[in-house]
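Chain naming here is simple, since letters A, B, ... match the order of the sequence lines and numbering starts at 1 in each. Here the structure is a predicted model, which means the values were calculated and not measured.
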Number of protein chains: 2
Amino acid sequence: MTKINIKYLAEKLKMAPSTVSRALNDSYEISEATKAKVMALAKELNYQPNPYARSLRAHKSRTIGVIIPERINNFFAQVIDGIEEITQQYGYHLLVYNSHEDVEQEKKIISYLLGGRVDAIVMSVSSQTSSTEHLEQVQKQGIPIIFFDRIAQDMPTTKFITNDYQSGFDATRHLIKNGCRKIYFLLLSKEITIGKERLRGYLDAIKGSDLPFKEEWVIQCSQDEKQNMELFKSFLYPMDRPDGILSSVEKLAITAYHAIKQTRLSIPKDIKLITFSNMKIADLLNPPLTTISQPAHEIGRQCAKLLMNNLTKTKQIPIEDKVITIPSVLQIRSSSEP
Amino acid sequence: MTKINIKYLAEKLKMAPSTVSRALNDSYEISEATKAKVMALAKELNYQPNPYARSLRAHKSRTIGVIIPERINNFFAQVIDGIEEITQQYGYHLLVYNSHEDVEQEKKIISYLLGGRVDAIVMSVSSQTSSTEHLEQVQKQGIPIIFFDRIAQDMPTTKFITNDYQSGFDATRHLIKNGCRKIYFLLLSKEITIGKERLRGYLDAIKGSDLPFKEEWVIQCSQDEKQNMELFKSFLYPMDRPDGILSSVEKLAITAYHAIKQTRLSIPKDIKLITFSNMKIADLLNPPLTTISQPAHEIGRQCAKLLMNNLTKTKQIPIEDKVITIPSVLQIRSSSEP
DNA sequence: TTGTAAGCGTTATCAG
DNA sequence: CTGATAACGCTTACAA
């Protein structure tokens, strides 16, 4: 419980605290001799500056807030790894929060962060988030906030996404080309942009084909796995079941896999399946799962670079209002082939 | 960029800052009328207290540091979710760091945290960590540090593990019972305790059987996936290959799956496989993978509860020097059955 | 080149 | 019940 602070070092060295501070910060106005002495003692006593005193003084916390809707998901884990890779080079720290796809939780987290605990926020909104009032608050406080994947489309800031429309379109075309005539689309929520864009791609692909289309083919899923399971089974059992499924998020595809197995249908013979997913072992599944995988790590890196450029450079680089698209990759595997 | 602080509120209300502070903290020595007025304005102006000023004053940050060796791993993600579930009830925040299985990185992270940025640390050490000098520093500073899964055995603190020995033993017995005569053990590192304990269980199971045993059956793996792949193939191709594999960590099992597929061997006919893993979709693999899965979420919760009890209670509950074991579950699936 | 003093936003202590 | 003041540890004008 030692409290080695600048004052203590100053006493030991018989210098003024300010001198010690300057020496530690390698100020040009301190002699090399003094610097050496200070550094030596600091090292010996393992002095660590109090970050909160610094933050209070500088109005900077060297901390970034990261908010994700789900932690047990490779995509988000990879993004955070990407963010951390960059931020730690600048000595920044990461406060990470899981909103659990819950807007109320999200609002609570945001309100914590409003007090200046973080210098910036990078987030993916929950699937329930429709209003962005709480997010605008953040900007009003002058805290930069940027989005990735699940973006708040109308907010004037930089948003990173992948080519959701194109990917949804390509995946659907791929299913059609492989003989699917009745393709369902699994949607987590209409609120979130990625859902909308991926859906739009799907719809356009269907419309551009000779397939009919029915509203019911777009399946609104819930957050509850069991409910989804019942829902899926309910449309898998009847004779007029789908022969293709495009899932907009990994979680739903997993449930679909299970539902299909339970109904004794076969992938890909009876039903072909594609999902957006960043899982590492899609090729080990039975059958190997066709995925649209996002450049998660790179998204994280770019988010962080943008923020670091804005926060740490002397000539501050502004955060523009724009959407940056980093393309996904359609990895074709057996689950979608004849 | 408004700076709504206590002083500002005090001016507006024509009160002293200390009164405002007390009112906001619902002090008993403030009249209800005053409280109401203060609260009202605070709400109206969306006042948020500056956490750093508070931390500086109170020598408490309401922040916990979490260090894990790997982020893209369900086990660690689940543990963090468990930690967060508890800590957020107490208004605590989580700084999360990934050591990437690198001791040097781990040391760097620890040194950041030494300045009082966090009130406590909960961590799983990297597979390279043999010396615990840097970890002892933390304790010397009076910062509580507890461990889970990859523990620093000799440090006087609470460590959460699962029944690694028993699980290793049971899994090996299960393989033997199912006809394996030559079982390899995949080890990430001899340094880490879980490796040692799981290995000890394996060894005792072999010794207690009529099987011979050779040193070479314990495979020292590296951090590099490609190297491991080559290594695995090198012992899979020969005629005297193993007919069973027990992997002490998920990552190695995945590589083994790939290696086995590439060598055209069949699981479980040619080789049976079991791994420690918390993946959600083990049953969707081809073949479904037998796993020893840990109560990750519960481990996280217990870690957090221990810390919260120590940090937030008026009669501080000490962190004892002991090991708490929460049992894992052997989930038998096709990969290990005849 | 070094020392003095003020202040970042809060809260605890002491007075009134 | 409320107000003035000091202090947490650090940095930065300003002074020497």
Side-chain angles (χ1 to χ4, degrees), chain A residues 1-39 41-42 45-63 91 114-119 141-142, chain B residues 1-39 41-42 45-63 91 112 114-119 141-142 314:
Chain A
M1 214 46 144
T2 44
K3 32 184 178 179
I4 306 167
N5 52 30
I6 286 194
K7 219 192 252 172
Y8 181 82
L9 291 183
E11 265 176 42
K12 283 269 171 199
L13 291 162
K14 294 182 204 292
M15 298 180 193
S18 57
T19 307
V20 176
S21 170
R22 278 184 277 240
L24 289 169
N25 290 308
D26 202 25
S27 163
Y28 65 95
E29 40 181 10
I30 295 291
S31 73
E32 289 305 324
T34 307
K35 275 185 196 173
K37 264 190 269 178
V38 173
M39 292 296 194
L41 187 65
L45 298 183
N46 218 293
Y47 165 76
Q48 291 295 126
N50 180 315
Y52 298 118
R54 264 192 183 168
S55 294
L56 181 58
R57 184 109 226 290
H59 297 287
K60 286 210 172 287
S61 62
R62 286 179 168 265
T63 305
L114 245 33
R117 193 178 291 272
V118 296
D119 294 344
Q141 299 263 333
Chain B
M1 212 49 141
T2 43
K3 31 182 177 180
I4 305 165
N5 52 29
I6 286 193
K7 221 192 250 173
Y8 181 83
L9 291 182
E11 264 176 42
K12 283 268 172 200
L13 292 161
K14 293 182 206 291
M15 296 180 194
S18 54
T19 307
V20 176
S21 170
R22 276 185 279 237
L24 289 169
N25 289 307
D26 201 25
S27 162
Y28 66 95
E29 41 182 9
I30 296 291
S31 73
E32 288 305 322
T34 307
K35 275 185 196 173
K37 264 190 271 180
V38 173
M39 291 297 195
L41 187 67
L45 298 183
N46 217 293
Y47 164 75
Q48 290 296 125
N50 181 315
Y52 298 118
R54 266 193 182 168
S55 294
L56 180 58
R57 189 101 229 288
H59 298 284
K60 285 208 172 287
S61 62
R62 284 178 169 267
T63 305
Y112 290 150
L114 244 33
R117 191 178 291 271
V118 296
D119 294 344
Q141 299 264 332
T314 41

Residue pair Ser31(A) / Thr34(A), side-chain donor-acceptor N/O under 3.5 Å: yes
Expressed in angstrom and rounded to an integer, what is the separation of Met15(A) atom CE from dT4(C) atom C1'? 16 Å
Between Val38(A) and Thr19(A), is any pair of side-chain heavy atoms under 4.5 Å apart? no
Lys35(B) bridged to Asp26(B) by N-O distance under 4.0 Å: yes
Hey, are the side chains of Arg54(A) and Pro49(A) touching, using non-hydrogen atoms and a 4.5 Å cut-off? yes
Could you check if a side-chain atom of Tyr52(B) sits within less than 4.5 angstrom of a side-chain atom of Arg117(A), using non-hydrogen atoms only? yes
Whole-Å distance between dT2(D) C1' and Leu9(B) CG? 17 Å
The bend of the helix from dT1(C)-dA16(D) to dG16(C)-dC1(D), taken between the axes of its five terminal pairs at each end and rounded to 10°, is 50°
What I'd like to find out is whether the side chain of Asn46(A) reaches to under 4.5 Å of the side chain of Ile4(A), using heavy atoms alone. no
May I have the distance from Ile30(A) (atom CD1) to dT11(D) (atom P), rounded to whole angstrom? 13 Å
Are the side chains of Leu13(B) and Leu41(B) in touch, meaning some heavy atoms are under 4.5 Å apart? yes
Can you check whether Ser61(B)'s main-chain N or O pairs, donor with acceptor, with Asp119(B)'s side chain at less than 3.5 Å? yes
Any heavy-atom pair between the side chains of Leu45(B) and Tyr8(B) that's under 4.5 Å? yes
Could you run through nucleotides 6-16 of chain C and give me one letter per nucleotide, 5' to 3': B if any protein heavy atom sits under 4.0 Å from the base, S if only the sugar-phosphate is that close, - if neither? -BBBBBBBB--
Neighbours of DNA chain D within residues 32-39 of chain A, by heavy-atom distance under 4.0 Å: none
Does Thr63(A) use its side chain to pair, donor to acceptor, with the backbone of Val118(A) at less than 3.5 Å? no
